[in-house]
Amino acid sequence: DKMPKLGCVPDVFSYSIYMDGLCKKGEIEKAIDFLHFMISKGCEPNVVTYNTLIDGLCKKGQIDKAVSYVDEMISKQHQPNVITYSSLINGLCKKGETEKAVGFLDDMVSKGHQPNVVTYNTLIAGLCGKGEFERAMSILDEMLSKGHQPDVVTYSTLIDGLWKNGEIEKAMNHLNDMISRGHKPNAVTYTILINGLCKKAEIEKALYFLDGMISKGHQPDVVTYSVIINGLCKKGEFNKAKNFLDKMIYNGCQPNVVTYTTIINGMCKKGEIEKAM
RNA sequence: GAGCACAUAGAGA
């Protein structure tokens, strides 16, 4: 609102950034109104503007509406790109509609759009989340055969999915595979492994991996700490859990609502209501 | 010469 008074007018970047803000807040109705608003101000939305809105709709599960905006952008001569398709595929995956998501991938290929590593990762994550590992692996094969190198996200996704499905051997095979291919685990990869070990109550090993990640220069974040605190609480080791809470704060990592809920719940489940208070 | 404008993996209940 103030921009014109300051002698400049918002351009498509400004509008798209604001649009993204509305979408990230989940205010999708406002985002749709905003699309019309910017047009009324004489600013034509571009591919990024549409992608932003389409992703917002997809994240709300409104795939059909998202597709209608794909049609609209096409009618305005804005061709959907790999990000548009990735958003749609992600939306379908998050709804568990992996069948359709695979269909969209085939669709985009047949229309001459090349999926990239994010598109593939999105689909692999969706398939892993549904326990459809066979299909996830066939997508992995497809990306390899097309010359797309899996990245740390691809591998982390597979490791997490397989481990949570009890296929720890296979998960570790992928870990070794990624390392031998020259991809280093990052903080998320380490956290996935630490979580897997904590869930098996193997805290010692988990802490060994924690040391490993720190020595490789990856700082544990609020998720890493929360995972460990959860593992300790589930074993009733509240003093150690409290030590980690202190340690994370000391290390400049702010506990969040999940961290505290983890501790409070852990204590309450073990009848330690006083401590929780 | 200025804008990290949009998509993917990890925690509790």
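Convention: sequence-line order gives letters A, B, ...; per-chain numbering from 1.
- When side chains are defined from C-beta on, N251(A) does not count as touching M248(A), because their heavy atoms never get closer than 4.5 Å.
- Sorted by residue number, the members of residues 262-269 of chain A with any non-hydrogen atom under 4.0 Å from RNA chain B read T262(A), N265(A).
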Throw together a table of side-chain donor-acceptor distances under 3.5 angstrom for residues 229-236 of chain A, partners on residues two or more places apart or in other chains.
unit_1	atom_1	unit_2	atom_2	d
N230(A)	OD1	K234(A)	NZ	2.9
K235(A)	NZ	A201(A)	O	3.4

Per-pair distances, 0.1 Å, donor-acceptor, side chain in residues 4-12 of chain A, under 3.5 Å, sequence neighbours excluded:
unit_1	atom_1	unit_2	atom_2	d
D11(A)	OD1	F13(A)	N	3.1
D11(A)	OD1	S14(A)	N	3.1
D11(A)	OD1	S14(A)	OG	2.9

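- T52(A) comes within 4.0 angstrom of sugar-phosphate atoms only, judged by non-hydrogen atoms across all strands, and of no base.
- Residue pairs that meet the ring pair (Phe, Tyr, Trp, His ring centres under 6.0 Å) test with at least one member in residues 233-277 of chain A, sequence neighbours left out, do not exist here.
- With sequence neighbours excluded, no residue forms a ring pair (Phe, Tyr, Trp, His ring centres under 6.0 Å) with H78(A).
- The residue I83(A) sits close to a base: some heavy atom pair falls under 4.0 Å.
- Using modelled atom types, one finds a donor on one side chain and an acceptor on the other under 3.5 Å when comparing N51(A) with T84(A).
- Within the structure, side chain to side chain donor-acceptor pair (under 3.5 Å) contacts touching residues 101-110 of chain A (residues at least two apart or in different chains) do not occur.
- V257(A) belongs to a hydrophobic cluster whose other members, connected by ILVMFWY side-chain contacts under 4.5 Å either directly or through intermediates, are V258(A).
- Pairs of residues two or more places apart, or lying in two chains, that qualify as ring pair (Phe, Tyr, Trp, His ring centres under 6.0 Å) and include a residue from residues 105-131 of chain A are Y85(A)-H113(A), Y120(A)-H148(A).
- T154(A) comes within contact range of no nucleotide atom at all, as no heavy-atom separation falls under 4.0 Å.
- Within residues 41-49 of chain A, the residues that have a heavy atom under 4.0 Å from RNA chain B are, in order of number, N46(A), V48(A).
- D151(A) comes within contact range of no nucleotide atom at all, as no heavy-atom separation falls under 4.0 Å.
- When heavy atoms are screened at a 4.0 angstrom cut-off, T261(A) is found touching base atoms of the nucleic acid.
- Using a 4.0 Å heavy-atom distance criterion, S16(A) is classed as a base contact.
- At least one donor-acceptor pair closer than 3.5 Å links the side chain of S138(A) to the backbone N or O of R135(A).
- For RNA chain B, the span of nucleotides reached by chain A at under 4.0 Å from its heavy atoms goes, 5' to 3', from G3(B) to A13(B).
- Within 4.0 Å of V227(A), counting heavy atoms only, lie sugar-phosphate atoms of the nucleic acid but no base atom.
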Side-chain polar contacts of residues 26-39 of chain A - donor-acceptor pairs under 3.5 angstrom, sequence neighbours left out - could you list them?
unit_1	atom_1	unit_2	atom_2	d
E27(A)	OE1	K30(A)	NZ	3.0
E27(A)	OE2	K25(A)	NZ	3.4
H36(A)	ND1	I32(A)	O	3.3

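- No more than 12 heavy-atom neighbours from other residues, nucleotides or ligands sit within 6.0 angstrom of NZ on K184(A).
- Of the residues in residues 24-36 of chain A, those with a non-hydrogen atom less than 4.0 angstrom from any atom of RNA chain B are K24(A).
- No engagement by N81(A) is indicated, since no non-hydrogen atom pair under 4.0 Å with the nucleic acid exists.
- Other residues, nucleotides and ligands contribute more than 12 heavy atoms inside 6.0 Å of the NZ atom of K130(A).
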